[in-house]
There are 2 protein chains.
Amino acid sequence: MTDRSHPAGRPIRTAIADEDGIDFAIIELFFFAYRDFTSDPDQILADYGFGRAHHRVLHFVNRRPGLTVAELLDVLKITKQSLARVLKQLIDTDHVVQLQGPRDRRQRELYPTARGRALALALARPQSRRIRAALEDSGASERALIERFLEAMVNPELRAQIDIVPAKMSGKSHGDH
Amino acid sequence: MTDRSHPAGRPIRTAIADEDGIDFAIIELFFFAYRDFTSDPDQILADYGFGRAHHRVLHFVNRRPGLTVAELLDVLKITKQSLARVLKQLIDTDHVVQLQGPRDRRQRELYPTARGRALALALARPQSRRIRAALEDSGASERALIERFLEAMVNPELRAQIDIVPAKMSGKSHGDH
DNA sequence: AAAATTACGTCAATAGTGCTGACATAATTT
DNA sequence: AAATTATGTCAGCACTATTGACGTAATTTT
């Protein structure tokens, strides 16, 4: 501990400040907030032997039923191999089913089953509860502002992927026949 | 693909809605936002052969210089073993130094070196830039509201850890004596 | 003073999730 | 017919996290 073979490196005893106007407070809060935000579903997932990767796949398959493997890879920004394992498990446990693409038969359209839908909901519930509580606690209950802020945190090139599912309003031409 | 040995599991073709009033939009945005938020420092860390774990240690050692190993474990909520490797690397590369605790000589107080301070700043810079841009883009530029929201997302029991470093402002009503 | 506890370090083994590169197959496009 | 595309799969690797066990030095308790 005192046998330094290094060029010294004296200890800095002052806390890092807002040097250069860096917003350490929010950087740190974002870390804590995201950690706790994911901890709720982690509990549930553990019962199924699933991890966060399963959650993400399940989430997007429920949000965009019928999306293909390639589309899912693009949304998640992971590799085929990374997806393969978790997707296979979700299919084997009957949470997700694959259907041959209607236009292009090479494609696999991914859909949730009733079971997959139920699990996705169970995972989202505590997260949504936390969000609602946080909105209330933070006073303003300015949902729209938080939404805009989070969206602005995302890389501009990727925002397109997000707006794909505007839920119900903003009458998209989603024509689910 | 049609050789199902399962009890069936018919595909659900409708997108998951705001069933039960679940806020899927913000859940999803939080995922995208955090992913991109961490991608900036990830680029830099790769040059050092470091990962996110190194970043987190470096961050907190800079924020609370002199914190002990036990305190760091408590903040990060990881195990001793998980910390051991990354901390050792940070010490070996002269980013962090250990000093024997003054009161309790079993303790190791952790401090950043000049190098560690510089790296912490370099990692925080793009994150802070992203936050500032997002605050501006989201119009309101309501920093305080975002801060309150994120804090409210954290488990109440853990909020104590956060307020430890109120920097200077963060004019909370938490009456810091 | 002896015993118990604490703080830290370390070893071994394991899990989850990510990566790259290579290769195979079927289907579509050129 | 040839090239490309969508998907699946294999092998191997890296990082971060886990649990459990053990050792040592220092402190606290009895």
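Numbered from 1 within each chain, the chains take letters A, B, ... in sequence-line order.
- The phosphate of C:dA26 (OP1 or OP2) has no side-chain N or O of A:Gln107 nearer than 4.0 angstrom.
- Distances shorter than 4.0 Å separate some side-chain N or O of A:Arg56 from OP1 or OP2 on C:dG18.
- Counting heavy-atom neighbours within 6.0 Å of B:Lys88 NZ, excluding the residue itself, gives a total of 12 or less.
- Each of B:Arg64, B:Arg56, B:Arg159 was evaluated against A:Glu28; a single residue qualifies, B:Arg64, per the salt bridge (charged side-chain N to carboxylate O under 4.0 Å, His left out) test.
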Using a 4.0 Å cut-off on protein heavy atoms (strictly under), produce a 5'-to-3' string for nucleotides 19-30 of chain D with B for base contact, S for backbone-only sugar-phosphate contact, and - for none. B-----BBS---
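- Rounding to whole angstrom units, CD of residue A:Gln98 and P of D:dT7 are separated by 9 Å.
- A:Thr68 contributes no side-chain N or O that, together with a main-chain N or O of A:Glu109, makes up a donor-acceptor pair within less than 3.5 Å.
- With rounding to whole Å, A:Asp74 atom CG is found 15 Å from D:dT7 atom C1'.
- What separates CG of A:Leu73 from P of C:dT17 is a distance of 16 Å, to the nearest Å.
- If you take CG of B:Asp92 and C1' of C:dG9, they are 13 Å apart, rounded to a whole angstrom.
- Between A:Phe30 and B:Phe37, the two ring planes are perpendicular [angle over 60°; tilted spans 30° to 60°].
- A perpendicular orientation is assigned to the rings of B:His95 and B:Tyr48, their planes being inclined by more than 60° (bins at 30° and 60°).
- Residues from residues 31-55 of chain B placing a heavy atom under 4.0 Å of any atom in DNA chain C do not occur.
- Cluster membership for A:Ile12 and B:Leu72, using ILVMFWY side-chain heavy atoms within less than 4.5 angstrom, is not shared.
- C:dT6 atom P lies 18 Å from atom CZ of B:Arg108, rounded to whole Å.
- Per the geometry, CG belonging to B:Leu110 stands 13 Å off C1' belonging to C:dG9, to the nearest Å.
- The CD-C1' distance, from A:Gln89 to C:dA15, rounds to 11 Å in whole Å.
- Ring pair A:His55/A:His59 is perpendicular by interplanar angle, where above 60° counts as perpendicular and below 30° as parallel.
- Comparing D:dT18, D:dT9, C:dT17 against the side chain of A:Arg85 picks out C:dT17 as the nearest.
- Counted by atom type alone, A:Asn155 and B:Arg35 present zero donor-acceptor pairs between their side chains at under 3.5 Å.
- With sequence neighbours excluded, the residues forming a side-chain hydrogen bond (donor to acceptor under 3.5 Å, both in side chains) with A:Asp20 are B:Arg125, listed by chain and number.
- At whole-Å resolution of the value, CG in B:Leu87 and C1' in D:dA17 are 16 Å apart.
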